[in-house]
Every structure is written in C-alpha cells, then in structure tokens.
Protein chains: 2
Amino acid sequence: MRLLAVEDDPVIRKDVKAALQASGFHVETAEDGEDAWFLGDTEDYDLVVLDLGLPGMDGLSVLKRWRANGREMPVLVLTARGAWHERVEGIEAGADDYLPKPFRMEELVARARALVRRSVGQGSPVQTLGDLAIDTNRMAVSVRGVPVSVTALEYRLLSYLMLHRDRVVPPTELLEHLYGDDDAREANALEAILTRLRKKLGAGVIGTRRGFGYFLDAAEGRG
Amino acid sequence: MRLLAVEDDPVIRKDVKAALQASGFHVETAEDGEDAWFLGDTEDYDLVVLDLGLPGMDGLSVLKRWRANGREMPVLVLTARGAWHERVEGIEAGADDYLPKPFRMEELVARARALVRRSVGQGSPVQTLGDLAIDTNRMAVSVRGVPVSVTALEYRLLSYLMLHRDRVVPPTELLEHLYGDDDAREANALEAILTRLRKKLGAGVIGTRRGFGYFLDAAEGRG
DNA sequence: TTTGCACTGACAGTTCACTGACACTCATCG
DNA sequence: CGATGAGTGTCAGTGAACTGTCAGTGCAAA
C-alpha cells in the first residue's frame, strides 16, 4: 500500500507517518501544497492523507486540481476541529472521508484501512493477470486453474505485485511493505522468498528488471 | 453474533443492550451519529439496531452513507411513534426492518433474530456446508447427520465461521467476535476452543491457513 | 573481461499452531 | 453451606512449518 501524507506540522507529520508505517503502509510525505500536488499528480498512490491547512497552495485547491486532472485515488482529509464548512467543502471537492483534529492515531489507521479496502475490494475478490489468479478472500493462489499453496509472506508479496501490476516495484519498497522500517531485513531475504515463490508458480510469472525491481509478467499465457 | 446498538437515550440504550445480550448477542453501542457511522464503516457487524433521532449526524444520513460505501449488514431502524415518513425514508435508505417506539424488548429481540436468520440462512434456520449442519434456532450442530453437543463458545465460533464461509477469518476477528474489545483474551484461548471443537467435529471440518486464519472446509464430504 | 546485482540450495533459528494438563469460575444439587 | 461438574482461560511443551542468513553460482550490463 503506497500512501502520501500531506501535513505541514513536523510533529504531526512524524507521528502520522510512524503510525501508518507500523500498520503496513509505505508512506511518503509532503510538507506544502505545491509538493503535494506534484507528487499526487505524477505518482500512483493507493491513498492520500491530506491536511487542509497548508502553506502555499491550500489543501482544498490541491484536491480540486487532482480531481480536475482525473486523479481518482481515495483521499482522507484532515480538518481543524469544528470546521464544518471545511468538511462540506472537502467532500464536495472530492474527498472520500474526513477526520477532525485532534484524532487518535488508531482512528486514522482504521479509516485509512477502510478507505483502501473500499477502493480495492470493489468487484470480484478474485484478481487475475495472465495465468495467475489470487482469491483475496481465501488467500488462495492458482496458476492456470491449478491451486498453489503459498505461505503468508509469499502471499503478501504476490498480492502487492498484483496491486501494482502496472509498474516495476523496487525491492526497497517490497521490503518496506513486508517488514516495515522497524525490523529491516537484508535484501537477500526478499530474494529468497522470490526464489521459493517462483519455484511454486513456475517461470515467467514474476519478472525482474535488473537495477529497478520486480513486476508481474502479464504476457505469460497471453491473457 | 456481533451487534451494534445506536441510541442516544442512555436509559433505552441500557435496556436494549441488556435484552440483546441476554439473548446471546455480543452488543456494542454508539451514542451519536458520528461514532455510529465510524464503527459501522470500519467494523463488521452481523446486525445494527439504529435509532433515527440522533445528535450530530442523524440516523438516516448514517444509514445512507453506509449503503453508499457498500456496507451491507442488516439494519433494524427504531422510529418515533407515528412517524410514518421516517419509516418510509428508512426503508428507502436501505433499512431491512423498522420498529416503532415504544416497543417491548421481546419484540426487538424477536425481530433482531429474524433479521440475522434472514441474512444468514436463506429462510431456512438450518445451514449446511459439507458434512456440517447448524440449526440456528435450536443452536444444534450435527456432522453427517449425527448430533454433536457443543458449548456456547464453541457454537458461536462455529456459527461465525459458517456466516463467513466464503473467506478465511483471522484469529483477531474471531477473538473480537467471541469476547469483544472490552475483555480481551490471549490468542491461545481461541486455540483451546478450536482444539476441543475439532475433537468433537472430527478432522477436516475446520481448516487453518497458517499466518492468516481459519475457515470451514467445504471440500470435506464433497457437498 | 570485469563488475556487481540477482539467483539458488542448504542450513539453522524462529515462529506458529496444536495439545494436554491444570486451575479457576459459576451454577446446581444435596 | 459445601460438594460436584461443566465450561473455559492459562500455562508449558511439542512438532512442524516458515523464513533469514550464508556461501557460492549465474548472468546481465558496460
């Protein structure tokens, strides 16, 4: 899960980042409206947490410009306490949820998860790409219809690649997703998981772009 | 059965909670629309009892937002006496049943049970999966037609797995369902119940997906 | 050819789930 | 009131599955 947190207060920003990272998000941050707008417009995030009170371009304007440019990622807006007009304007500008300050970190995490679940979990719980199929309800994986037994880490790695099927995912990002910053492992741990997973799935499912990262190979099985 | 009761009047809330707990529901409560919406959007309930007259966000808005977000749990709406327009609006907003105030607690319990039964079993109170059969009226369990005597906790665990037969249920969720957030037990308590239950049901009924959770094994007895 | 990233198999430590034993609580009954 | 038994949580031990590390190999890019 790739997430952008936009918050100008360095203390809150640090706390928010820590809490979201602890619950498995890969968190990037922006401090002002200009940076936020640029990142949100050029990068692909699964979720954006956006403070409305920002220096430079204010949050509402950022959100409106994203939506005007067709950026559809879910956005969770942080508003000052009691600022009802901000909430209404936020919803109208295209926010998917709002959270009034001050808030407990657990609440932020819960809402973030709910938003992601909602945006991801629409439609069939079975995602397919080429010969590969992942049933996110049963945590089950199959290739060409044949069930493949995968472990917890293997499954998380695979579903992350499936979620970001449209790009090459760097190993650092995969490591962060699997372990978080807290207990970092060596890069080789990731390679070990990949080796085992490839042995189970067969060749050609997970591709490598040397120096950049890994990706799901859609060409396999041509469709 | 996990249930959310939304009611601002503390006296009624207490009575409702007591009555529903006495009939076997695990009851959580919310006092205003904001809390209700958040809980209903982030937690998984088997039933919601919702008073329409609430401070903050009113009940109808809460219900509409749940449905707009794809939350499908059955909702029983409580309306003021004679407020016909509220009932109509409630049904249109996605309520599954309504109950005009004042009401007798027995009636509330009866309707709550009916709603859960309707949403779970398609009319029949007996649900089957593979060799397993659960009679939700009698709280009776049988395997291959042979009655099995189960305790209260075992039954609740089993019926919850039956309710969510289409997915793997994490142990944390099972713990929440069995005990609620209030008095948490160690994960081992769950495993103890599972061991006893499996001994009664025989092998192959309840499956484990290591690192994810538990599920009812439909393949057993093939049908 | 050189360089360095990526891959692999083997191994060992760790974690996870399961299980039996025991203790505690509570209701029932004499 | 005390005995009894069912139900259930906790503890501790076990075995198996999982996974990180290591050491060595392969291979792509420059």
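First the proteins, then the strands, lettered A, B, ... as listed; each starts at 1.
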Note to self: Tell me if the CZ atom of F212(A) is crowded by more than 12 foreign heavy atoms within 6.0 Å.
What the structure shows: no
Next item on the list: Measure the angle between the two terminal helix axes of the helix from dT1(C)-dA30(D) to dG30(C)-dC1(D), five base pairs each, and quote it to 10°.
Entry: 30°
Checklist line | CD/Q21(B): more than 12 non-hydrogen atoms of other groups inside 6.0 Å | finding: yes
Checklist line | CD/E72(B): more than 12 non-hydrogen atoms of other groups inside 6.0 Å | finding: no
Checklist line | Under 3.5 Å donor-acceptor, R165(B) side chain and L216(B) backbone | finding: no
Check: With distance as the sole test, does R67(B) use its side chain to make a donor-acceptor pair with the main-chain N or O of R71(B) at under 3.5 Å?
Finding: yes
Check: What string of B, S and - do you get for nucleotides 19-30 of chain D, 5' to 3', if B is base contact, S is sugar-phosphate-only contact and - is no contact with any protein heavy atom under 4.0 Å?
Finding: BBBBB----S--
Contacts table for residues 11-18 of chain A: side-chain donor-acceptor under 3.5 angstrom, sequence neighbours left out:
from, atom 1, to, atom 2, distance (Å)
R13(A), NH1, E7(A), O, 3.0
R13(A), NH1, D8(A), O, 3.3

Item checked: Short side-chain donor-acceptor distance under 3.5 Å, E176(A) and H26(A) -> yes
Margin query: Has D46(A) got a side-chain atom pairing as donor or acceptor with R2(A)'s backbone, closer than 3.5 angstrom?
Written below: yes
Margin query: From CZ of R209(B) over to C1' of dA17(D), roughly how many Å is that when rounded to an integer?
Written below: 14 Å
Next item on the list: Locate the shortest heavy-atom distance separating G213(B) from P171(B); write the atom from each residue and the value.
Entry: CA-CD, 3.7 Å
Checklist line | Pairwise side-chain contact, T151(A) with I193(A), heavy-atom cut-off 4.5 Å (strictly under) | finding: no
Note to self: Assuming nearest nucleotide by heavy-atom distance, tell me which of V150(B) and K200(A) is located more 5' along DNA chain D.
What the structure shows: V150(B)
Notebook entry, point to check: Where is the tightest heavy-atom contact between A152(A) and R210(B), given as atom of each residue plus distance?
Noted result: CB-O, 4.3 Å
Notebook entry, point to check: Considering residues at least two apart in sequence or located in another chain, which fulfil the salt bridge (Lys or Arg N to Asp or Glu O under 4.0 Å) criterion with D35(B)?
Noted result: none
Margin query: Under 4.0 Å from a heavy atom of chain A: give me the 5'-most and 3'-most nucleotides of DNA chain C that qualify.
Written below: dG4(C) to dA10(C)
Notebook entry, point to check: Heavy atoms under 4.0 Å, any strand shown: does T208(A) hit a base, just sugar-phosphate, or nothing?
Noted result: sugar-phosphate
Check: For DNA chain D, which residues in residues 167-174 of chain B have a heavy atom at a distance below 4.0 Å?
Finding: none
Check: What heavy-atom pair brings R209(B) and F215(B) nearest, and what distance separates the two atoms?
Finding: N-CE2, 4.0 Å
